[in-house]
Each structure stands twice: as structure tokens, then as C-alpha cells.
Amino acid sequence: MVVEDEVEKLMWIVLSYMHAQGGARVQTSTAVLQATCVDSTVIPYLERRLNFSFGCYGCRDATDMASGEAVLGFPASYLPDIIQHLEYLNKKALPHSRGKHAFAALKKEQEGGQTVSCSSL
């Protein structure tokens, strides 16, 4: 499977993959120069793992890929787990993060002239 989208949206797919894998960090590989096709198709297929690319010179020249987009590839067999974990994350984590609650609390404390600490967030 190959998905091209904004980085934040791809982050949620990667997070759901990590959630399905028990939280293991994702190791990725890219060459950036003439590499998007390899990064998003060949590596996931041959190495049976998720991989992403920020795009490459050729891809950005030949397509309408926007500056804030990236490409994510993974074996199609991972799709059911990714969907299941995306649905779980969408119940609370995804909307909470997009709601910028920690940022709002930080701004509120700064506006009040209080000292901001991590424990207060």
C-alpha cells in the first residue's frame, strides 16, 4: 500500500502501526534523490516493513506532490491492523491532539504571566 498525504495525517498511520506492533520504534530509510518509488514500494515489499519518504527531486518535479506532503508505504497485509488501531486512536488520542489542548494550556499560562512547567500541562 502507498499513501501520499500531509505529514500529520501520515503520522497517525505510523502511530497506529506502532500501536499494532506493541510500541516499537519505526526504522526508516531514504535516499531522497530519485528514491520515493523505492522508499515507498520496494523497501516495504522486500523488507516487509513500513517505510516513508519526504519525496525526492524526481517525484516533486514530475508530480503535483505538495510541499507539506510525504509518501508512506507498507505491506498490504498490515492494512487491517492499521485500520483497527486508527479507529481506536480516533476515539480519543487523535481528536485530543488535534484540539491542541497542551498548547492552549501553555498559552493560557503565558498570558497570565505565570511560569510554565511541564507538570502543569
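Computed from heavy atoms alone, side chains included, the values below leave out hydrogens, waters and symmetry copies.
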Quiz prompt | Glu69 side-chain N/O to Ala66 backbone N/O, donor-acceptor pair under 3.5 Å | solution =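 Yes: the side chain of Glu69 pairs with the backbone of Ala66.
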
Hydrophobic clusters here meaning ILVMFWY residues chained together by side-chain heavy-atom distances under 4.5 Å, can you tell me if [X] and [Y] are in one?
X	Y	result
Val32	Phe52	no
Leu15	Tyr88	yes
Val2	Ile43	no
Val71	Val38	no
Val42	Tyr45	yes

Self-check item: Under the side-chain contact (heavy atoms from CB on, under 4.5 Å) test, residues paired with Arg48 that sit two or more places apart
Solution: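 Applying side-chain contact (heavy atoms from CB on, under 4.5 Å) to Arg48 gives Pro75, Ser77, Tyr78.
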
Quiz prompt | Partner set under side-chain contact (heavy atoms from CB on, under 4.5 Å) for Ala93, not counting sequence neighbours | solution =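 Counting only residues at least two positions away or on another chain, Ala93 forms a side-chain contact (heavy atoms from CB on, under 4.5 Å) with Trp12, Leu89.
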
Exercise. Determine the sole option in Asp5, Leu72, Ile83 for which the side chain to side chain contact (heavy atoms under 4.5 Å, CB included) test with Ile13 is passed.
Key: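 Of the listed residues Asp5, Leu72, Ile83, the side chain to side chain contact (heavy atoms under 4.5 Å, CB included) partner of Ile13 is Leu72.
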
For [X] against [Y], the heavy-atom pair lying closest together:
X	Y	result
Arg49	Ser29	NH2-CB, 3.8 Å
Ala35	Cys56	N-SG, 3.5 Å
Ser53	Thr30	OG-OG1, 4.1 Å
Leu50	Val14	CD2-CG2, 4.1 Å

Exercise. Can you measure from CD (Glu8) to OG (Ser97) and round to the nearest 0.5 angstrom?
Key: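 If we round to the nearest 0.5 Å, Glu8:CD and Ser97:OG are 6.5 Å apart.
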
Quiz item: So does Lys9 pair up with Glu6, basic N to acidic O under 4.0 Å?
Solution: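 Salt bridge between Lys9 and Glu6, a charged N being under 4.0 Å from a carboxylate O: yes.
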
Quiz item: When you look at CD of Gln34, are more than 12 heavy atoms from neighbouring residues, nucleotides or ligands closer to it than 6.0 Å?
Solution: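 No - once you tally the heavy atoms of other residues, nucleotides and ligands closer than 6.0 Å, there are 12 at most.
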
Quiz item: Is the number of heavy atoms from other residues, nucleotides or ligands under 6.0 Å of Phe74 CZ greater than 12?
Solution: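 Atom CZ in Phe74 is crowded, with more than 12 foreign heavy atoms closer than 6.0 Å.
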
Quiz item: When the aromatic ring centroids of His85 and Tyr17 are compared, is their separation below 6.0 Å?
Solution: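 No, ring centres 6.0 Å or more apart.
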
Quiz item: Is any side-chain heavy atom of Arg25 closer than 4.5 Å to a side-chain heavy atom of Met18?
Solution: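 In short, these two side chains do not touch, never coming nearer than 4.5 Å.
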
Practice problem: Would you please test Ile82 and Met1 for side chain to side chain contact (heavy atoms under 4.5 Å, CB included) and show each step? | Solution: CA-CA 11 Å; Ile82 287 173; Met1 302 286 307; over 6 Å; no

Practice problem: Give a yes-or-no answer on whether the side chains of Asn51 and Thr28 include a donor-acceptor pair shorter than 3.5 Å. | Solution: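 Checked: Asn51/Thr28 side chains show no N/O donor-acceptor pair below 3.5 Å.
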
